[in-house]
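The next block holds one structure in the form of C-alpha cells; read it before the comments.
Just so we're on the same page: letters track the sequence lines, and every chain starts at 1.
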Protein chains: 2
Amino acid sequence: MVAITIKDVAALAGVSVATASRVLSGNPATSPDSRARVAAAVTELDYRPNAQARALRSTRSDSIGLLVSDVRNPFFADLAHTVEQAALAAGYVTLLGNANERKEQQDRYLNTLISRRVDGIIVAPLGDGSGSIRSLITREIPTVFVDRTVDGLDIPSVTTDSEAGIRQAVEHLAAAGHTRIGYISGPQATSTGRDRFAAFTRAIAVAGLSQDPDLVYFGDYQAASGSAGVHALLQLREPPTALLAADSLMAVGAIAILHKLGRRIGADIALIAFDDIEWFALLNPALSVISHSVEEMGRIAVDMLLQVIDGGQPESVVLPSELIVRASSSTPTSPASGPSLRTN
Amino acid sequence: MVAITIKDVAALAGVSVATASRVLSGNPATSPDSRARVAAAVTELDYRPNAQARALRSTRSDSIGLLVSDVRNPFFADLAHTVEQAALAAGYVTLLGNANERKEQQDRYLNTLISRRVDGIIVAPLGDGSGSIRSLITREIPTVFVDRTVDGLDIPSVTTDSEAGIRQAVEHLAAAGHTRIGYISGPQATSTGRDRFAAFTRAIAVAGLSQDPDLVYFGDYQAASGSAGVHALLQLREPPTALLAADSLMAVGAIAILHKLGRRIGADIALIAFDDIEWFALLNPALSVISHSVEEMGRIAVDMLLQVIDGGQPESVVLPSELIVRASSSTPTSPASGPSLRTN
DNA sequence: CGTTTCCATGGAAACGATTCCATACAACAC
DNA sequence: GTGTTGTATGGAATCGTTTCCATGGAAACG
C-alpha cells in the first residue's frame, strides 16, 4: 500500500506543497499554470488526499455519527437510509452504530464517536441524561435527537406526536365496541415508550375503557417481546379483544404468535401497530397502523444537525401521527373484510 | 468546544507527553506513580484521545467501510447489523454507505472510503471491475466482497450458492405441475442477478419446462420492479402459473400488485422468493422462500476482512441456499392450505 | 523612472498523537 | 570504587495536511 502524498503531487507538478494544497482546496490564489500542472499530477498519481490529516489540521472530519437501536428495525433502516443520503448530499459520511437498546452499548458508541471527532451526532437516545450523553453536552458536540428525547436536556429533537395517532386508534377501537384493549408497551427507558404509554393511558380513560393494569405488557421493542406480550395478555381471566403494539417489531411478534395460536386477526382479535411499514399493507388481513413519516424525520434531523454545526439553534420539531385503518382492526361484531384497497 | 489534548493531561499529571502517551497506550515502560497520576488527570479532564491524530501517526484508522445497495432491503439491514456488531467486537467502527444500485454512487463512496483511509472495506459490488473498484486493488486496500462478486478480480468473497436453492424451487414447482414459471430477475450488472438467472435457466431446461424468453422480466432488486414484472408477465398471451422473484423486495412488489389484482397467491398463482425475511412466514399464505444465512455471511465477511488486514489471503466462501416450502407455492391442482406451521 | 499595490509562491509552523533516541539514575556484580 | 545492566523519562521527529507570513516580481500609478 504505497502512500501517495501531496508532496509527491507537488514534486511531480514542480510546485511547492503549499501551492499544491491551494490548488486542491480551490484557493483562488493560484495561477492557471499551477492549476493545470497539479491537476495533471493528481490524475497521473491517482492521488487521494488523506482525510485524517486534513481533519487533524482543520478540526472538521466531514463525518457524522448516527446511533440507533437496531437497523434491523425497518423504521431505523429507513431512517438510516434517509440520514445517510441527506448527509452525503451535504458532504458528510455517516458512521452507523447499533445500540441494541442497551445503555452501555450506547455509551460505548458515543465515546467512540467523540474520539473520532465527528462533526455531529444524530441519536435515538436511550435512558436518562447520564453517562456519555452528558459528555456530548459539556463538549458542546452538535447533537440532534431523533425519534426519542431525553428529559431535561436542551438538545434539539425531531419526534413524533404519538398522542394524536394513539387517541385515534383507541377511539376507533372503542367505537367498534371494544372495551378491553391490550397494550404492548415499549421500554420505559425510552421517551417513546413512556409517551406512547401515557397517551394510551389517557386515551382509554377519556374513552371510558377498562383501565385494568393487567392489560398492559411492557416489552422491549423487539419481536420476541411482542409474542411474549400476546401470550401474557391472552392468559388473563378476561383477555383483551383488541391489541395495540407500540412498535412494528413487537407487532410482528404478536402476529406470529396469533397465527400460531390460530387466532384470526381482524376477526377473533383486533390489532393495531405503531409505525407503518411498507409490507404491513400486504398482510392478510392488512394491518391497521399509526403512521408517521420516517423520511421526513430523517431529512429534518440532518437539516437541524447542519444548522447546529453552523452554530444555529434550531427549534425542535414534532411531526404528526395518524391512524390508517385497514382490515386488522375490524370490530368484534363486524367480521373481517378482505384486504383493504388502501395501499399508502 | 474546548479541545483537551494529551498535553493538558501531561501537564496536569506533571509528566511529559511522551510518558502520558505511554501510559495511555499501555506501554509497560511506565512507573506505577506516573500511571496513577496520568489516570487521575484523564478522568479529571474527561480526556478523549483524538482518533484522527492517532490514525495519522499510526496509519490505522480502526474503521471499516461497509457499502451495500440499500439498507432498507432487509437482507442488507441484517447484514449491516451483523457486520457492525462483529466489527465493533474487533475494535472497528463501521462507515455505512448506500450505493442505491448505482455505479456512480458506488464509485463516489469508494473514493470517500479510500480518502478516509479505512482499514478495510466490505462491499456488495455492482458492475464490472472498472471505476474505483480498480483503485482498491492497485492500492492494495483490504477488501472483501459480500453477497456479490466481480468477475476477474482476485478479491476474497462470501457468497451464496444460488444454484441449489433455485433448482429445488423449480423442481418443486415442476413437481406440482407448473410448466410455465415466470422469473423476475435481478439486474444483470450484479453477479447475483446473473448467477440466479443462469441457475434458473439451467433448472427449467433440466426440468423440461417452458423456456419462453418472455417469461423472464429483468428488474432492479427494488419493490417497484417486482410489481412491474408481475404486471408484464400477467399480460402474456400464456401467462405463467408460478413466479420466482430473485430477491425479497421484488417479491414484496409482486405480492402488492397480486393483492391489488385480486390474484390469490398459493391458489391462483404460486410465488417463491429468494431471500428469507422473518415476516415472510407471517404472510397469509406464508411465503415459500429460498433461504440463506445472512448472519453467517456477515460474520464470515468480517472474519475474512480481519484476516486480509493482517496480511492473510483467506479463501472465498460459498454458503448454501435451500428451499423452504410454505403455503405460497401450493400447486394449481391442490388448493392453498392454511398458514404453514414451519416458522424457521 | 521610482514607488506602491497586487498576486502567486514557497518556507515553516501548526494540528495531536506515537515512538525513536538519548539521558539520568538506581541497582547490581566485579 | 568502577563498570555494566536495566528502567523510567523527556526531547524531538514524524505522520499529511492547511495556512500564516514573508518574498519576489509584475503591473499600475504618480
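Under the 4.5 Å side-chain criterion, counting only non-hydrogen atoms from C-beta, L56(B) is in contact with N50(A). With a 4.5 Å cut-off on side-chain heavy atoms, I133(B) and P125(B) count as touching. A 4.5 Å side-chain heavy-atom check between I121(A) and I64(A) finds every atom pair outside the cut-off.
The side chain to side chain donor-acceptor pair (under 3.5 Å) search around S31(B) returns S34(B), not counting sequence neighbours. D8(B) meets the side chain to side chain donor-acceptor pair (under 3.5 Å) test with no other residue; sequence neighbours excluded. The salt bridge (charged side-chain N to carboxylate O under 4.0 Å, His left out) check on R117(A) picks up nothing, with sequence neighbours excluded. In this structure S130(A) satisfies the side chain to side chain donor-acceptor pair (under 3.5 Å) test together with K103(A), D128(A), sequence neighbours excluded. For F75(B), the ring-ring contact (aromatic ring centres under 6.0 Å, His included) partners at least two apart in sequence or on another chain are H292(B). Legend: residues meeting side chain to side chain donor-acceptor pair (under 3.5 Å) with R102(A), ordered by chain and number and at least two apart, are E104(A).
For the helix from dC1(C)-dG30(D) to dC30(C)-dG1(D), the angle separating the two terminal helix axes comes to 50°, with each axis derived from five pairs and the value rounded to 10°.
No side-chain donor-acceptor contact under 3.5 Å links T159(A) and S157(A).
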Check the interface with nucleotides 17-21 of chain C: list each N/O to N/O pair with the protein under 3.5 Å, or write none.
unit_1  : atom_1 : unit_2 : atom_2 : d
dA17(C) : OP1    : Y47(B) : OH     : 2.7
dA17(C) : OP1    : N50(B) : N      : 2.8
dA17(C) : OP2    : I6(B)  : N      : 2.4
dA17(C) : O5'    : Y47(B) : OH     : 3.4
dT18(C) : OP1    : R54(B) : NH1    : 3.2
dT18(C) : OP2    : S21(B) : OG     : 2.7
dT18(C) : O2     : R57(B) : NH1    : 2.5

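Taking every heavy atom of both residues into account, E295(B) and T82(B) meet most closely at O-CG2, 3.4 Å.
Sorted by residue number, the members of residues 29-36 of chain A with any non-hydrogen atom under 4.0 Å from DNA chain C read A29(A), T30(A), S31(A), S34(A).
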Cut-off 3.5 Å, no hydrogens considered: what does the side-chain donor-acceptor table look like for residues 13-26 of chain A, sequence neighbours left out?
unit_1 : atom_1 : unit_2 : atom_2 : d
S16(A) : OG     : A18(A) : N      : 3.4
S16(A) : OG     : T19(A) : N      : 3.2
S16(A) : OG     : T19(A) : OG1    : 3.3
S25(A) : OG     : S21(A) : O      : 2.9
S25(A) : OG     : R22(A) : O      : 3.4

Show me the donor-acceptor pairs, under 3.5 Å and distance only, between side chains in residues 149-156 of chain A and residues at least two apart or in other chains.
none

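Rounded to whole Å, atom P of dA14(C) lies 23 Å from atom CD of Q52(A).
With a cutoff of under 4.0 Å to any heavy atom of chain B, the contacted region of DNA chain D is bounded 5' to 3' by dA8(D) to dG16(D).
Positionally, the nearest nucleotide of DNA chain D for V15(B) lies more toward the 5' end than for the other of L56(B) and V15(B).
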